[in-house]
Amino acid sequence: MPEGPELHLASLYVNKMCDGVVFSGPVIKSEVSKNPEVAFTCDSFRITATSRGKEVKLTLTPMKSDDDGKRRSKGGQADQHMDIVFRFGMSGYFRFTSEDEVPKHAHLRFYTKEKPRRVLSFVDTRRFGSWQPNGTWQPDRGPCIMFEYKSFRENVLSHLSDRAFDRPICEVLLNQKYFNGIGNYLRAEILYRLNIPPFVCARDALEGLELEDEFEDGKPKGMKREAGDVLRLCHTVPLEVVSLGGKGYDPEKMDYSAFEAWLRCYYVDGMKSVRDHNGRTMWFKGDPGPMAPKGWSKRKLPKKKNPHIQKKSFQREEKLKRPRKKHRRVKPSQVHVKRKIAASKLLQVNTWDYVTFKNALFFL
DNA sequence: CGTCCACGTCTAC
DNA sequence: TAGACCTGGACGG
């Protein structure tokens with residue numbers, strides 16, 4: 001499931017499924033999970049969810065007790081609400097089912113009050129996910145790329161002197177201190193859209209971007225749909241996945257084909273891939289950029305298919321038949337404006353190629 | 001059967 | 001900069 005869009009879709013799922021549902025009793029943890037017990041029990045409570053970047057927060061809210069209008073706390077009854085903050089690891093998701101349809105690997109379960117009972121489960125096959133009772137958003141994670149765009153942007157641009165930005169842009173995009181919500185498929189899709197070589201220095205790619213995103217309030221007339229710089233795409237590309245609905249990257253789901261068709265680069269036939277310095281596979285097209293790991297050209301094109309990503313050939317063909325967008329080249333006259341401003345404008349140009357990119361760096 | 005790979009953190013040498 | 005943490009699907013022999 002899990003990059004920013006999937007976490008957000010999970011929160012929407014919980015709110016939709018649990019709307020008006022009354023839960024009861026203790027919260028049950030599987031034997032095998034090493035995560036903490038959730039010491040919460042209540043005769044009647046509700047569950048709501050919110051997301052921020054790559055985290056989801058469940059809020060358990062006791063319903064008002066009718067006992068003389070007084071709050072009770074006897075028998076371990078909760079009278080306070082409780083927040084539980086989840087991270088999904090590689091395989092986490094929520095599911096709301098009948099009691100006998102609880103999925104395998106449901107490691108934390110919330111039971112409804114009615115009979116027959118239903119269950120909200122946190123399912124996590126690989127158990128890399130975690131939860132924290134009475135938790136808060138992890139303090140070292142930056143603002144949400146989707147729902148805190150302005151502060152996300154400010155957080156990046158005001159910390160470009162941080163050594164973290166010495167690294168290749170593709171690796172920095174996975175740094176949750178600055179890009180809370182970006183994961184492996186999103187970084188590939190974002191850099192691909194702008195033709196930014198993945199192993200170009202992050203600071204070089206980000207320096208000179210304006211603090212104010214000029215595309216923020218509606219697009220200037222005549223602007224293409226995808227217009228925007230890298231930071232804006234870190235916002236809009238994940239939102240595209242949210243708008244696909246369904247569950248994004250979840251192969252078990254019926255509407256997964258919509259997500260497959262949406263991918264333009266990640267695991268797409270004909271694209272290149274390299275292991276980055278952290279051993280994660282970076283998918284891209286064209287030049288890898290100056291900071292590519294040594295020996296990248298020996299990259300193996302995967303002979304094996306990703307079990308999760310198997311594009312049906314008819315879908316591929318459909319995609320190829322789509323009219324290709326005309327790639328507008330930047331006219332040379334546009335290129336010799338001034339310094340950082342020139343570069344920043346260039347960085348906001350919709351269609352990138354490496355020549356454009358190098359020109360931009362040159363004028364810095 | 002065995003090897004490789006997967007949407008992500010973590011912490012330890 | 002390695003590993004550790006896990007399960008399970010695809011593919012190779």
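Just so you know, these numbers use all the heavy atoms, side chains as well, and skip hydrogens, waters and symmetry mates. Protein chains get the first letters and strands the later ones, always in sequence-line order, with residue 1 at the start of each.
Distance A/Phe128 CZ to B/dA6 P: 13 Å, rounded to the nearest Å. For the pair A/Asn184 CG and B/dG8 P, the interatomic distance rounds to 6 Å; values are reported in whole Å. B/dC7 atom P lies 23 Å from atom NE2 of A/His8, rounded to whole Å. The distance from atom CG of A/Asn175 to atom P of B/dT9 is 10 Å, rounded to the nearest whole Å. A/Trp262 has its CH2 atom 14 Å from the P atom of B/dC7, to the nearest Å. Atom OH in A/Tyr185 sits about 9 Å away from atom P in B/dG8, given to the nearest Å. Note: CZ (A/Arg187) to P (B/dA6) measures 11 Å, nearest angstrom. When the C1' atom of B/dC7 is taken as reference, atom CH2 of A/Trp283 falls 14 Å away, rounded to whole Å.
Considering only side-chain atoms of A/Glu3, the nucleotide from B/dC7, C/dG8, B/dA6 that sits closest is B/dC7. When distances are taken from the side chain of A/Lys104 to each of C/dG8, C/dT7, B/dG8, the shortest belongs to C/dG8. The nucleotide whose nearest atom lies closest to any side-chain atom of A/His105 is, among B/dT9, B/dA6, C/dG8, C/dG8. Minimum atom distance to the side chain of A/Ser130 is reached by B/dC10, of the listed B/dC10, C/dT7, B/dA6.
Judged as a salt bridge (charged side-chain N to carboxylate O under 4.0 Å, His left out), and not counting sequence neighbours, A/Glu101 has no contacts.
For A/Phe45 and A/Phe40, the gap between ring centers is short of 6.0 Å. For A/Phe147 and A/Phe152, the gap between ring centers reaches or exceeds 6.0 Å. Between A/Tyr149 and A/His235, the distance separating the two ring centers is shorter than 6.0 angstrom.
B/dC10 sits 23 Å from C/dG8 when the C1' atoms are compared, rounded to a whole Å. Using C1' as the reference atom, C/dT1 and B/dC7 are 23 Å apart when rounded to the nearest Å. Nucleotides B/dC5 and C/dG13 have their P atoms positioned 15 Å apart, rounded to a whole Å. With C1' as the reference atom, C/dA10 and B/dG8 are 22 Å apart, rounded to whole Å.
The cationic group of A/Arg117 lies under 6.0 Å from the six-membered ring centre of A/Tyr111 and within 45° of the ring axis, placing it in a cation-pi geometry.
Taking 4.0 angstrom as the limit, A/Arg126 places none of its side-chain polar atoms (N or O) nearer than this to OP1 or OP2 of B/dA6. The shortest distance between the side-chain N/O atoms of A/Ser91 and the OP1/OP2 oxygens of B/dA6 is not below 4.0 Å. For A/Arg280, no side-chain nitrogen or oxygen approaches OP1 or OP2 of B/dT9 to under 4.0 Å. Contact annotation: A/Gln176 side-chain N/O to B/dG8 OP1/OP2 distance is not under 4.0 Å.
Among residues at least two apart or in separate chains, salt bridge (Lys or Arg N to Asp or Glu O under 4.0 Å) pairs with a member in residues 136-148 of chain A are A/Arg52-A/Glu148.
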For residues 126-137 of chain A, which side-chain donor-acceptor pairs fall under 3.5 Å, sequence neighbours excluded?
unit_1	atom_1	unit_2	atom_2	d
A/Trp131	NE1	A/Pro36	O	2.8

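Checked by atom type, the side-chain pair A/Asn15/A/Thr48 shows no donor-acceptor distance below 3.5 Å.
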Exercise for the section: Check the pair A/Ser44, A/Lys113 against side chain to side chain donor-acceptor pair (under 3.5 Å), reporting the backbone distance first and the verdict last. Expected result: CA-CA 7 Å; A/Ser44 304; A/Lys113 191 169 186 175; 2.7 Å; yes
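Of the residues in residues 134-146 of chain A, A/Gln138, A/Arg141 come within less than 4.0 Å of DNA chain B through at least one heavy atom, sorted by number.
Ring orientation note: the planes of A/Trp283 and A/Tyr267 are tilted relative to one another, at an angle of 30° to 60°.
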Handout entry: DNA chain B base-pair string [pairs: Watson-Crick or G-U under 3.5 Å; |: paired with another strand]
Key = ||||||.|||||.
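One hydrophobic cluster, built from ILVMFWY side chains closer than 4.5 Å, cannot hold both A/Val38 and A/Val119; they sit in different ones. Residues A/Ile190 and A/Val242 fall within the same hydrophobic cluster, defined by Ile, Leu, Val, Met, Phe, Trp and Tyr side chains chained together at heavy-atom separations under 4.5 Å.
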Enumerate all atom pairs, one protein N or O and one N or O from nucleotides 1-4 of chain C, separated by less than 3.5 Å.
none

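Heavy atoms from other residues, nucleotides or ligands lying under 6.0 Å from NZ of A/Lys29 number more than 12.
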